[in-house]
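Below is one structure, written out as structure tokens; the observations come after it.
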Number of protein chains: 2
Amino acid sequence: MPAKSKDSRPGGRSARVRAAVHRAVVDLVQEAGADKVTIPAVARRAGVNPSSVYRRWGTASALLADVAARRQDEETPELVGDLRQDLERVAVWTLTDLSRPGGVAFFRAEVAPDVDDRKAGLRACLERVSARFRAPLEAAARRGETTPSLERVLDRVVAPLYFRVVFSIPGTDESFARGLVAELCDAVDAGAAGMARGQR
Amino acid sequence: MPAKSKDSRPGGRSARVRAAVHRAVVDLVQEAGADKVTIPAVARRAGVNPSSVYRRWGTASALLADVAARRQDEETPELVGDLRQDLERVAVWTLTDLSRPGGVAFFRAEVAPDVDDRKAGLRACLERVSARFRAPLEAAARRGETTPSLERVLDRVVAPLYFRVVFSIPGTDESFARGLVAELCDAVDAGAAGMARGQR
DNA sequence: CAGTTAAAGCGGCGGTCTTTGCTTTAAGCA
DNA sequence: TGCTTAAAGCAAAGACCGCCGCTTTAACTG
């Protein structure tokens, strides 16, 4: 008896179909935009029968969300051990991921309000972004450093990045992302220094 | 001959139909979400023939955009003459507008990438938001005060508000909006004071 | 008040998406 | 190597959307 309890038959054909469909989705998104990603179109492109896609994913939004989820779990920048550097890396990585063709489309697809609970996609998307930033923050906290809260990072770094990419505001590049992190860290350092002076 | 050159017959029935359609769109958006706003659905709800809506607006996106545009032009907070207070008012107003049922849906609809130029909706949406904040900034600049740039306001105030509302992060209320403005203004004041000290 | 004519209403056509029951294929396992 | 069965393929039926030609209504004008 196999150890796996679910995904009872993931090997061979199923895996092949899943891969083909995922590749087709990525291609279609960055060729025609997320709103053109319809199940028949994906199926045609993947050389797969539409009903197979319907049975497995149900809706186009769910499919997009699935692809987006796998996409972000693939590569992650490793941490150096310096809070500012690590935050910069994650910020730049976030921006890069968001900027590549179709990146915003995936974001929008996950945010689309027709999946299940109408909040599940949002939660998942936010959680994935948060996790990236939580790692360096917690590492620094374990080292005893003063760190900004996660919410603060979201407000000061992530939100501006997303906002600017969505509205395609010019000048939103890596150095800008690093600047956001630097500003935040400087504010924290100044605050910590002020506290230290005040308590002395 | 009437003075109006276009909108050659806006009175009576046309106006009535337009009002009914707009109301139906608002209702549908906050009941079923923007993706359920289809022209037949709107027409049914408004008690209007679908072809009338097709002829007038063409696509569901255009209709959404039209409604969103009118919606924001209705009421605007008047300015007091104090930069911080004015920014706070606009920020709170922005948050309120975004938070009411369907507010985010309209945002998402305008951002959707299937209208015309694929950027027109974005431009319009950003421009409307920017205009709100530009007014108090320019007024303050005319008074000779030191003001943050519009981009800075977008990064530090607008982006967090949108981000938090989209992801429905708890604790995003009026006092939070005011706090964002206060932080930004404090930073500007501190910077100005520092400059003044440094140049003395 | 009567004529003009935008604009709304109506019916139907074509196309795409979605669903569903049934058949076929090929992993996983003894 | 065969058996079992999950999953893919297939095809037909249904639903809905978007569009278009024609008819009807009712604002504007003189």
Side-chain angles (χ1 to χ4, degrees), chain A residues 1-25 28-29 31-67 109 112-116, chain B residues 1-25 28-29 31-67 109 112-116:
Chain A
M1 178 192 252
K4 53 189 70 165
S5 58
K6 36 181 54 178
D7 257 8
S8 51
R9 192 171 287 186
R13 189 158 71 154
S14 291
R16 221 151 43 226
V17 167
R18 165 172 296 161
V21 168
H22 276 211
R23 188 138 22 87
V25 168
L28 274 181
V29 162
E31 275 179 23
D35 55 320
K36 294 292 183 56
V37 175
T38 177
I39 293 197
V42 170
R44 266 194 305 274
R45 177 105 183 191
V48 163
N49 197 283
S51 59
S52 301
V53 182
Y54 278 114
R55 290 233 161 75
R56 219 204 255 232
W57 285 279
T59 72
S61 300
L63 176 54
L64 260 310
D66 184 34
V67 173
D114 64 337
V115 255
D116 316 321
Chain B
M1 178 192 253
K4 55 189 68 166
S5 58
K6 34 181 57 176
D7 258 9
S8 51
R9 192 173 285 184
R13 190 159 69 155
S14 290
R16 222 153 40 228
V17 167
R18 165 173 297 162
V21 168
H22 276 211
R23 187 136 24 84
V25 168
L28 274 181
V29 162
E31 275 178 22
D35 55 319
K36 295 294 182 56
V37 174
T38 176
I39 293 198
V42 171
R44 267 195 303 275
R45 177 102 183 197
V48 164
N49 196 286
S51 59
S52 302
V53 183
Y54 279 115
R55 291 232 160 73
R56 215 201 257 237
W57 285 280
T59 73
S61 300
L63 177 54
L64 259 312
D66 184 34
V67 173
D114 63 339
V115 257
D116 318 318

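Small disclaimer: the values here were computed from a predicted structure and weren't measured. In what follows, every chain begins at residue 1, and chains take the letters A, B, ... in the order their sequences are listed.
Regarding contacts with the backbone of D/dA7, every side-chain N or O of A/R18 stays at 4.0 angstrom or more from both OP1 and OP2. For C/dA8, the OP1/OP2 oxygens have a side-chain nitrogen or oxygen of B/R56 closer than 4.0 Å.
Atom CD1 of A/I39 and atom P of D/dG9 are 14 Å apart (whole Å). Distance, A/R16 CZ to C/dA26 C1': 9 Å, rounded to whole Å. For the pair A/D35 CG and C/dC17 P, the computed distance is 13 Å after rounding to whole Å. The distance from atom CG of B/L63 to atom P of D/dG18 is 11 Å, rounded to the nearest whole Å. Here the C1' atom of nucleotide D/dA6 and the CZ atom of A/R13 are 10 Å apart, to the nearest Å. For the pair B/K36 NZ and D/dC16 C1', the interatomic distance rounds to 13 Å; values are reported in whole Å.
Residues meeting the side chain to side chain contact (heavy atoms under 4.5 Å, CB included) test with A/R44, sequence neighbours left out: A/P40, A/A41. In this structure A/N49 satisfies the side chain to side chain donor-acceptor pair (under 3.5 Å) test together with A/S51, sequence neighbours excluded. By the salt bridge (Lys or Arg N to Asp or Glu O under 4.0 Å) test, B/R45 pairs with B/D27, B/E31, sequence neighbours left out. Residues satisfying the side chain to side chain contact (heavy atoms under 4.5 Å, CB included) test with B/A60, not counting sequence neighbours, are B/I39.
Taking every heavy atom of both residues into account, B/S52 and B/V48 meet most closely at CB-CG1, 4.0 Å. Considering all non-hydrogen atoms of both residues, B/A46 and B/A20 come closest at CB-O, 3.6 Å.
The residue from B/V67, B/L64, B/D66 that alone fulfils the side chain to side chain contact (heavy atoms under 4.5 Å, CB included) condition with B/W57 is B/D66.
Looking at residues 46-55 of chain A, you'll see A/V48, A/N49, A/S51, A/S52, A/R55 sit with a heavy atom under 4.0 Å from some atom of DNA chain D.
Distance check, rounded to the nearest 0.5 Å: CZ of B/R56 to CG of B/L63 gives 10.5 Å.
Taking the C1' atoms of five terminal pairs at each end of the helix from C/dC1-D/dG30 to C/dA30-D/dT1, the two resulting helix axes are inclined by 40°, rounded to 10°.
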